[in-house]
**Q** 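What follows is a single structure, and I will ask about it in a moment.
Residue numbers begin at 1 in each chain, while the letters A, B, ... track the order of the sequences.
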Amino acid sequence: MTPHQAEFSDRVVVVTGARKGIGRMIADHFLDQGARVIGMSRGEAAISHANYDHRRLDVGDNLAVRSAFAAISRTHGRVDVVINNAGVLTSVHALLMPASRAEEMVRTNFLGAFYVACEAAKLMRKGKYGRIINIGSMASVLEPVGDSIYAATKAASMTLTGVLAKEFASYGITVNTLAVSALQTDMLEQIPRDTMAAVLAELPLPRLATPDDVFNVVDFFASSASSHITAQTLFLGGAHA
Amino acid sequence: MVTSDEVGAIILHALEALNEDSNPEDRIAVSLETPLFGADSGIDSLGFVSLITDVETALNVDHDLNISLADDFAVSRAQSPFATGETLRDYIMTLAAGQ
C-alpha cells in the first residue's frame with residue numbers, strides 16, 4: 001500500500017485532459033490508489049477501469065462543463081479533488097501565430113480551468129472540502145520564444161489560483177498550482193529539441209521531470225493534511241518568478 | 001418543464017440552507033417575499049453567492065435546466081430579478097420558457 005492509498009481510497013477525483021500526457025498519468029495514479037476518477041477530454045476514453053468514468057467534452061465550453069458536473073453530482077454526489085490539466089500548445093513566433101490557435105489556448109488553458117474550478121467548487125462547498133490543483137508550466141516564468149500565448153495563459157492560471165483560493169477558502173477548498181517543467185509527453189514533441197534543451201538549461205535542476213516528480217506534488221496538494229496550503233504555485237526543477 | 005411551485009420550493013430550500021450556515025441573529029425569513037439583494041436584504045455578499053449557486057445547481061441537477069442566473073440580461077433589467085424570492089422565481093420561469 002502506498003502512503004497515500006488510504007488517503008485517496010474512494011475519493012472522487014476529476015482530471016481534465018485525461019486521455020494522454022500528464023493527465024493520463026495522474027488519472028492512473030489516483031486509480032492505483034483506489035480513487036474514483038472522472039476523466040474529461042475532447043476524445044474518447046483511453047482508460048478502462050472499474051473506477052473510471054469518462055466525460056467527453058471541451059472544457060472551454062461552459063454549458064458542457066456545467067452539464068458534466070450536474071451529471072457527476074447525480075452519479076457520485078460529490079467531488080473531492082480536481083486536477084485542472086487540460087491544455088493545448090501551439091509554439092510558434094508571435095507574428096506567425098494563427099488567431100484561431102491563440103483563441104483555442106486561451107479558451108482551453110485558461111477559461112476551461114476557470115469553468116471546471118467553479119463547477120467543482122459548487123459541489124465541494126456542500127461538503128466543505130475540496131482540493132483544486134491547476135497544472136501550470138515553467139513557461140509562465142521562463143517565457144520561452146514561441147510560447148507567447150501559452151506562457152501567458154499559464155501565468156494567468158497562477159493569478160486565477162490566487163483569487164480562487166481567497167474566494168473558495170470559506171468553503172474548505174484549497175487552490176494551488178503545480179507548475180511542471182518538461183516531461184516526455186506528446187506536447188513536448190511539438191517543441192524543437194534544441195529549443196527545449198536551451199529552456200531546460202535555465203533551470204537549477206536541468207533535466208526532464210519524471211511522473212514521480214509530478215505525483216509527489218499532486219499528492220501533497222491533494223492531501224487532507226494540506227488544509228493550510230492554498231494560493232501556492234510550486235515549480236518543478238527550480239524555475240521561479 | 002419545471003413548474004412555478006417547484007422553483008419557489010427550490011428558492012425556499014436555498015434560503016433554509018443559508019440559515020443553517022448562519023448565526024441565529026443573522027437568520028432571515030424563509031419566504032418568497034424576502035429581499036434577496038440590495039439595501040433591504042439581510043443576506044451578505046457571500047450568502048447571496050451561496051443562494052444563487054444553490055438555486056442554479058438544483059435547477060441543473062434535479063430538473064436538467066442549465067441556466068445562468070447572473071447573466072448580462074439579469075443585470076440589465078430595469079427591475080432586478082434578485083429583488084425578492086418571488087421576482088427570482090418569475091425570472092427563472094421566464095428563462096425556463098425560453099429553453
**Q** Pick one of side chain, backbone, both or neither for Y171(A), based on which atoms fall under 4.5 Å of a heavy atom in chain B.
**A**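 Y171(A) touches chain B through side-chain heavy atoms alone.
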**Q** Could you tell me which residues satisfy ring-ring contact (aromatic ring centres under 6.0 Å, His included) with F30(A), sequence neighbours excluded, listed by chain and number?
**A**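 So F30(A) forms a ring-ring contact (aromatic ring centres under 6.0 Å, His included) with F8(A).
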**Q** Before we go on, tell me: are the rings of H240(A) and F235(A) under 6.0 Å apart, centre to centre?
**A**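 No, the ring centres sit 6.0 Å or more apart.
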**Q** Residues in ring-ring contact (aromatic ring centres under 6.0 Å, His included) with Y52(A), at least two apart?
**A**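 For Y52(A) the ring-ring contact (aromatic ring centres under 6.0 Å, His included) partners, ignoring immediate neighbours, are H54(A).
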**Q** Could you name the residues of residues 37-60 of chain B that have a heavy atom within less than 4.5 Å of a heavy atom in chain A?
**A**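 Residues in range: L46(B), V49(B), S50(B), T53(B), D54(B), E56(B), T57(B), N60(B).
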**Q** Under a 4.0 Å threshold between the charged nitrogen and the carboxylate oxygen, would K122(A) count as salt-bridged to E119(A)?
**A**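 The answer is yes: the pair qualifies as a salt bridge.
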**Q** Could you list the donor-acceptor pairs under 3.5 angstrom formed by side chains in residues 15-24 of chain B, with sequence neighbours left out?
**A**
from: N19(B); atom 1: OD1; to: I28(B); atom 2: N; distance (Å): 2.9
from: N19(B); atom 1: ND2; to: I28(B); atom 2: O; distance (Å): 2.9
from: S22(B); atom 1: OG; to: L18(B); atom 2: O; distance (Å): 2.7

**Q** Does NZ or CZ of R11(A) fall inside the cone over Y129(A)'s six-membered ring, less than 6.0 Å from its centre and within 45° of the axis?
**A**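 Yes, R11(A) and Y129(A) form such a contact.
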